[in-house]
Amino acid sequence: MAGAAPVHPAEAAPDEEAEEAGRLLFAKECDFVAGAATVDALPPDTLPEIAFAGRSNVGKSSLLNALTGRNALARVSHTPGRTQQLNFFDLGNRLMLVDMPGYGYAEAPKTEIKRWNELIRVYLRGRASLRRACLLIDARHGIKDTDRPLMKMLDETAVSFQVILTKVDKVSAGELTRRLDAVHEELRGHVAAHPVVHLTSAHKGFGIAALRAAMTALASPPEPR
Ligand code: GDP
């Protein structure tokens with residue numbers, strides 16, 4: 001199927017069973033576990049993990065809030081002192097959600113960027129429980145130069161990554177199609193890229209159920225009742 005355009009969730013028929021499983025998981029408690037600014041502070045990797053990364057202002061906090069139906073995650077991650085950390089949240093004791101620091105601020109000091117890169121590289125390389133990294137991309141802007149170093153790092157560390165377009169409510173259908181084509185085209189050059197691109201709007205709730213379902217497939221199985 002080389003070269004065939006993968007179907008993205010908006011085009012696929014919703015899988016009701018998977019979406020219900022996702023709804024149930026994401027309705028569970030989501031507790032802050034740890035904030036790590038250094039490798040030593042990383043919590044034990046006891047649960048399957050999904051990390052969220054993206055440029056500052058891409059809509060990461062809004063998406064995490066929409067997924068979990070809570071403001072708590074964004075509040076923790078936006079607390080002064082925590083914005084440059086990896087913040088870990090335990091979802092229902094089945095999945096760890098990791099909020100990575102937003103990148104791309106031109107004014108960030110060089111030493112800060114270096115420190116961030118080192119922490120991320122060690123984390124990505126050594127984290128056995130990391131099932132996937134979600135790379136959030138603003139649907140209005142597409143993939144930018146500031147995203148490319150992380151994509152390269154994900155290839156190098158062999159961490160499966162998946163692009164999630166955010167704020168799709170802000171673009172026309174035609175623009176979205178063009179943006180999606182460009183993203184798929186670029187992903188073909190990345191060995192670690194997952195072929196499915198999720199389309200989401202945290203504000204309108206679009207694509208959230210499908211994304212929850214996809215993530216739930218990576219979680220630990222529920223405890224038998
Ligand atoms: P973060 O810096 O990546 O955590 O981004 P935020 O979640 O704080 O969002 C940045 C800005 O984008 C805010 O003004 C949000 O209201 C806006 N935003 C986030 N998600 C959406 C969305 O789905 N649709 C629209 N129209 N705006 C959004």
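Order of appearance sets the numbers: ligands from 1, and atoms from 1 within every ligand.
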*Ignoring angles and geometry beyond distance, decide whether Asp169 reaches within less than 3.5 Å of ligand 1 through its nitrogen or oxygen atoms.*
yes
_Salt bridge or not between Glu186 and Arg148? Use side-chain N to carboxylate O under 4.0 Å._
yes
*Can Glu49 and Arg131 be counted as an ion pair, charged N to O under 4.0 angstrom?*
no
_Donor-acceptor contact below 3.5 Å, side chain Asp169 vs main chain Ser201_ = no
*Contact atoms of ligand 1, heavy-atom distance to Lys170 under 4.0 Å*: 26 (N)
*Counting each atom of ligand 1 from 1 as listed, which ones have a heavy atom of Ser62 under 4.0 Å away?*
6 (P), 7 (O), 9 (O), 19 (C), 20 (N)
_Can you report which non-hydrogen protein atom sits closest to atom 27 (N) of ligand 1, along with the distance?_
His203 CE1, 3.2 Å
*Under a 4.0 Å N-O cut-off, is there an ion pair linking Arg55 with Asp138?*
no
*To which protein heavy atom is atom 5 (O) of ligand 1 closest, and what is the distance rounded to 0.1 Å?*
Gly59 N, 3.1 Å
*Are any of the protein's heavy atoms under 4.0 angstrom from atom 14 (O) of ligand 1, yes or no?*
no
_For atom 3 (O) of ligand 1, what is the closest protein heavy atom, and at what distance to 0.1 Å?_
Lys60 N, 2.8 Å
*Quick one: nearest non-hydrogen protein atom to atom 10 (C) of ligand 1, plus distance?*
Asn57 OD1, 3.1 Å
_Quick check: Ser61 and ligand 1, any N/O pair under 3.5 Å apart?_
yes
*What distance do Asp90 atom CG and Thr46 atom OG1 have between them, rounded to the nearest 0.5 Å?*
7.5 Å
*In the protein, what heavy atom is nearest to atom 12 (O) of ligand 1, and what distance, to one decimal place, separates them?*
Lys167 NZ, 3.0 Å
*Measure the spacing between CD of Glu112 and CZ of Arg115 and express it to the nearest 0.5 Å.*
4.5 Å
*Any ion pair linking Glu156 and Lys152 (charged N to carboxylate O, less than 4.0 Å)?*
yes
